Amino acid sequence: MQERYDPQAIESKWQRYWEREGLFRVKEEPDREKYYLLEMFPYPSGKIHMGHVRNYTIGDVVARYKRMRGYNVLHPMGWDAFGMPAENAAIANRTHPARWTYDNIAAMREQLKRMGFSYDWDRELATCRPEYYRWEQWLFLKMVEKDMAYRKESYVNWCEDCQTVLANEQVEAGLCWRCGRPVRQKKLWQWFFRITDDAEDLLQWCDRLPGWPEKVTTMQKNWIGKSLGARIHFPIEGSDETIPVFTTRPDTVFGATFMCLAPEHPLVAALSSGTAQQEPVAAFVERILQQERTSQAVESYEKEGVFTGAYCINPMNGLRMPVYTANFALMEYGTGAVMSVPAHDQRDLDFARKYGLDIVVVVRPEDGDLDPATMEEAYVEPGVMTRSGAFDGMDSRRAKEEIPKALAEKGLGEATVNYRLRDWGISRQRYWGAPIPMVHCSRCGVVPVRESDLPVILPEDVDMLEGGRTPLPTLDEFVRTACPRCGTDDARRETDTMDTFVESSWYFERYCSPRWNEGIFDTEAVDYWMPVDQYIGGVEHAILHLLYSRYFTRVLKDFGLVSYKEPFTRLLTQGMVCKETLKCPEHGFLLPEEAEIRDGRAHCLRCDRPAEVGRVEKMSKSKKNVIDPNILLERYGADTTRLFCLFAAPPERDLEWSEQGVEGGARFLNRVWRLFLQHRDRVSSVPAFDGSPDDLTGDVRDLYKKTHQTIRKVTRDIEERFHFNTAIAAVMELVNMLYATEVDLQDELPCRVARHALETVILLLSPVVPHFAEELWAELGNPESLLLAAWPHYREDALEQDEILVVVQVNGKLRSRMTLPADASEDAIREKALSDENVRRFIEGKDLRRVIVVKNKLVNIVV
RNA sequence: GCCUGGGUGGCGGAAUAGGUAGACGCAAGGGACUUAAAAUCCCUUGGGGCUGAGUCCCCGUACGAGUUCGAUUCUCGUCCCAGGCACCA
């Protein structure tokens, strides 16, 4: 056995061994219980970062643990390989997105292998490969067929310079994140998925996901944003048309004195055209659509609007209401029109005051009325109906239900439900994405590509254009095609590609049969493996990715391809990896290696000035508070890196990086190594003791019991809550005890108990530090890989202590401790407590009121 | 503004069917080994008090009340921090 623990040698040796033996390759075995463990697959940015290391370490521990518990564990890895960074990098480095992506994948795969993760690499997939996106295109066609995918014209964030749509998160302070030019709203034809059809079901099932953090389901519920109310139609004066409105306050309809339309609302132009208001309205709309839409910007906007020149009629009281267009009315919520009730909505009140519009109080407090002229705040509480015709005197909460009924009788409204969730727009004017398999024909319109012509392959021999514009529309050989329906050859292909969230919405199914080419997946394999038993990833995907995946699963179920509705039974969202920032007054943020710690202060290596230590923040390139996993691998090896990630904090919490903490992890492994060095010669020639503790005495008996207690503690910590930090702490305690226990190595029985304890340490640590554990396992003389070993069992009869510490309180204050045999009776405990010397000082001369005895725990004497 | 979490030593964090607050680790201090250093091992370490330095006393889990024999844990109120949503009709 090597004197020193040498991680580099050990780790590459065992990684080669695992690969050679194919120990992580799995297939369906119907008579074995499966466990599907999935971590969110990475975007191949080029290098793994600490967030990946943490995420995948957590997952790997669970996978290895479950394997030891006898499950058939599916643990795959792949690449979320389409997306904008590839295009940007390709332009910056004069290479091609495909080239850049595949190179990155190769580099990152190597890094993941060096971490020792137990993936079935035979199942690796990359979403940018035609074999993958072909089935996405196939599903898209199915969805078009069933009207689950459709095309409509809508407003999007548009950057003129980059010639593309930007997602909301790509708009920073109203400017394009890439070129810094202002973003504006542009009307575009886009493809959408009808996720709103499933809004109610997605919402309902939020409460049926007991394995998900409540935080995530709450966020999803808020995102779906269900609200109950009514749809009310306001007839337009001098027209047969009506303006439909959604409101949560149908009880206040009698107080609606004007109407506000979103600037993009189609009626805005229609109503104002030909009136004196046409010009000002057009100018207003133009200006508002150019405005930034970020939350900060929006907050600073004053409520403003312009009269359209038209009126509509309040369907309950027949009053004329001027129709405005206003900046606060949102086209994307409800119907894009707001019935404004200034007496009972603060925003409407502000607007009414500003433009001198009528204010009518229709709900009053029980004990009085309100004066519209002087009221300072809108009255939003429930109350008594007033100035509401037949509803006067009614409780407003009841009127909320009665008024929609009355409206329904007139055919001018009904109770309804509204969702904030919008249909999922999937068109991207990007190159590096899956082509949308549709064709535009001048005669037949928009026509789907024939299924037999799939995949529509993204051409890879293209030159990227400066500015990031997609080259696809300029590629004649791609764009020009025959119409699949009429055959005319002047049809044009759709040149938009799909949102990359589409690929990540079904990759977990594809992993079940990644090479299947007869369909989207082998349903038998999917039936066996799905749903994912445990999904692990960052909370940043709490809404979009997870909601889209849940939606897609419902789509697959509609097509009869899968039998379940929810793809992820349990979800763990791990916290961020954080570190303090270092800032030099001259050189700005410093990388950890650009500073030197001297006299307890950090100094900039370039100018030698003291660097300011900032607060602990999420590791990010811009703040330079990053640790490169490669450096850790070189300096400490994979096992220490893994150990620290798990020990420093429970997985769901943020992890604060600490160099000394890593050192501590390395020190612990060295300590275990030396322990084996001490015992190996004697212990490797005897079998582990696994009998009853009754055959043991003294320290050895205690050690045996501690070993079993540790097994129970570690098993529970992993099984119930994934609290690896406390599990590792428990093993540390056992190791400390092994050091403290004098084992007579000449005597066989103590040797066998020591071997049992040492083996247990290795088995319990093996999911965390697999290479280290394999090496020591072999040193103990075990011929087979640790991967084939079972998780240790604990004996019930070895759990209880022989002696129990019982504490004695007087009036709830701790006064004494005493050690008693575990089987002491309640009376004996009481007796001993009352006669305790220190206790007597506190009860002497006082009335004994009560004595509470909690067996094996404490005595509380009340005087 | 609304919705979630969360406030425990110098630090990361333990302990909640209410029952010894501070496991384990880091840092710090002291000691052993060494010519020396590193490594290692051992001890101390929440704050304060003391006529009897003890199997001693008081205080202490953001703050203030309450329930209880007993509250870090349960209830109510307040403050602070983090995350999410937000002109949502």
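Please read all numbers here as calculations on a predicted model, not as lab measurements. We name chains A, B, ... by the order of the sequence lines, and we start the count at 1 in each one.
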What is the base-pairing partner of [N], counting Watson-Crick and G-U wobble geometry with both distances under 3.5 Å?
| N | value |
| --- | --- |
| B/U40 | B/A32 |
| B/G1 | B/C85 |
| B/A53 | none |
| B/C74 | B/G66 |

Inset, instruction - Tell me which of A/Ala648 and A/Thr247 sits closer to the 5' end of RNA chain B, going by the nucleotide each one is nearest to. - result: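 It is A/Ala648, whose closest nucleotide lies nearer the 5' terminus.
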Legend entry - Closest-nucleotide ordering on RNA chain B, the 5'-leading residue of A/Asn222 and A/Ala262: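 Taking each residue's closest nucleotide, the earlier one in sequence belongs to A/Asn222.
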Whole Å only: how far is the [atom1] atom of [X] from the [atom2] atom of [N]?
| X | N | atom1 | atom2 | value |
| --- | --- | --- | --- | --- |
| A/Phe644 | B/G13 | CZ | P | 10 Å |
| A/His723 | B/A14 | NE2 | C1' | 11 Å |
| A/Arg850 | B/U68 | CZ | P | 11 Å |
| A/Gln346 | B/C88 | CD | P | 12 Å |
| A/Leu330 | B/A89 | CG | P | 10 Å |
| A/Leu646 | B/A14 | CG | P | 13 Å |
| A/Met576 | B/G83 | CE | C1' | 8 Å |
| A/Ile224 | B/C3 | CD1 | P | 18 Å |

Give me the distance, rounded to whole Å, that separates [N] from [M] when you measure between the [atom1] atoms they each carry.
| N | M | atom1 | value |
| --- | --- | --- | --- |
| B/C33 | B/G18 | C1' | 49 Å |
| B/U35 | B/G46 | P | 36 Å |
| B/G5 | B/G60 | P | 29 Å |
| B/G31 | B/A36 | P | 14 Å |
| B/A39 | B/U34 | C1' | 11 Å |
| B/G19 | B/A27 | C1' | 32 Å |
| B/G83 | B/C88 | P | 23 Å |
| B/G29 | B/A17 | C1' | 42 Å |

Can you find a side-chain donor-acceptor pair between [X] and [Y] that sits under 3.5 Å?
| X | Y | answer |
| --- | --- | --- |
| A/Asp350 | A/Gln346 | yes |
| A/Arg550 | A/Gln220 | yes |
| A/His723 | A/Glu652 | yes |
| A/Asp423 | A/Thr196 | yes |

Would [X] count as a cation-pi partner of [Y], with NZ or CZ less than 6.0 Å from the six-membered ring centre and within 45° of the ring normal?
| X | Y | answer |
| --- | --- | --- |
| A/Arg420 | A/Tyr333 | no |
| A/Arg4 | A/Trp673 | no |
| A/Arg231 | A/Phe246 | no |

Would you indicate what [X] reaches in the nucleic acid, counting non-hydrogen atoms under 4.0 angstrom: base, sugar-phosphate, or nothing?
| X | result |
| --- | --- |
| A/Pro213 | nothing |
| A/Lys221 | nothing |
| A/Asp654 | sugar-phosphate |
| A/Arg840 | nothing |
| A/Phe842 | sugar-phosphate |
| A/Ala329 | base |

Donor-acceptor list for residues 663-670 of chain A side chains, cut-off 3.5 Å, not counting sequence neighbours:
unit_1	atom_1	unit_2	atom_2	d
A/Glu663	OE2	A/Tyr636	OH	3.0
A/Asn670	ND2	A/Ala666	O	3.0

For nucleotides 4-9 of chain B, which of its nitrogen or oxygen atoms have a protein nitrogen or oxygen under 3.5 Å away, and what is each distance?
none

Inset, instruction - Please state whether the phosphate of B/C88, meaning OP1 or OP2, lies under 4.0 angstrom from any side-chain nitrogen or oxygen of A/Arg420. - result: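 Result: no.
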Legend entry - Phosphate contact (B/C88 OP1 or OP2) by A/Arg249 side-chain N/O below 4.0 Å: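 For A/Arg249, the contact criterion (side-chain N or O under 4.0 Å from OP1 or OP2 of B/C88) is not met.
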Legend entry - Flag, side chain of A/Arg422 to backbone of A/Tyr419, donor-acceptor distance under 3.5 Å: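 Such a contact is found between A/Arg422 side chain and A/Tyr419 backbone.
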Inset, instruction - Determine yes or no for a side-chain-to-main-chain donor-acceptor pair under 3.5 angstrom, with A/Asn327 supplying the side chain and A/Glu304 the backbone. - result: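 Here the side-chain-to-backbone pair exists.
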Inset, instruction - Could you check if the base of B/G9 is syn or anti? Syn means the glycosidic torsion is within 90 degrees of 0. - result: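 Glycosidic conformation of B/G9: syn.
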Legend entry - Derivation of the salt bridge (charged side-chain N to carboxylate O under 4.0 Å, His left out) call for A/Lys226 and A/Glu200: CA-CA 8 Å; A/Lys226 180 181 184 174; A/Glu200 185 62 31; 3.0 Å; yes
Legend entry - Reading 5' to 3' through nucleotides 19-27 of chain B, protein heavy-atom contacts under 4.0 Å coded B for base, S for sugar-phosphate only, - for none: BB--BBSSS
Minimum-distance nucleotide to [X] side chain [options: [options]]:
| X | options | value |
| --- | --- | --- |
| A/Arg815 | B/C87, B/C57, B/G84 | B/C57 |
| A/Arg841 | B/C57, B/A86, B/C41 | B/C57 |
| A/Ala649 | B/G13, B/C57, B/C88 | B/G13 |
| A/Asn327 | B/C85, B/A89, B/C87 | B/C87 |

Legend entry - Side-chain ion pair, A/Arg353 and A/Glu376, N-O less than 4.0 Å: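 Salt bridge absent between A/Arg353 and A/Glu376.
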Legend entry - Carboxylate-amine/guanidinium contact A/Lys705 A/Glu800, below 4.0 Å: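 Not counted as a salt bridge, because no side-chain N and carboxylate O are separated by less than 4.0 Å.
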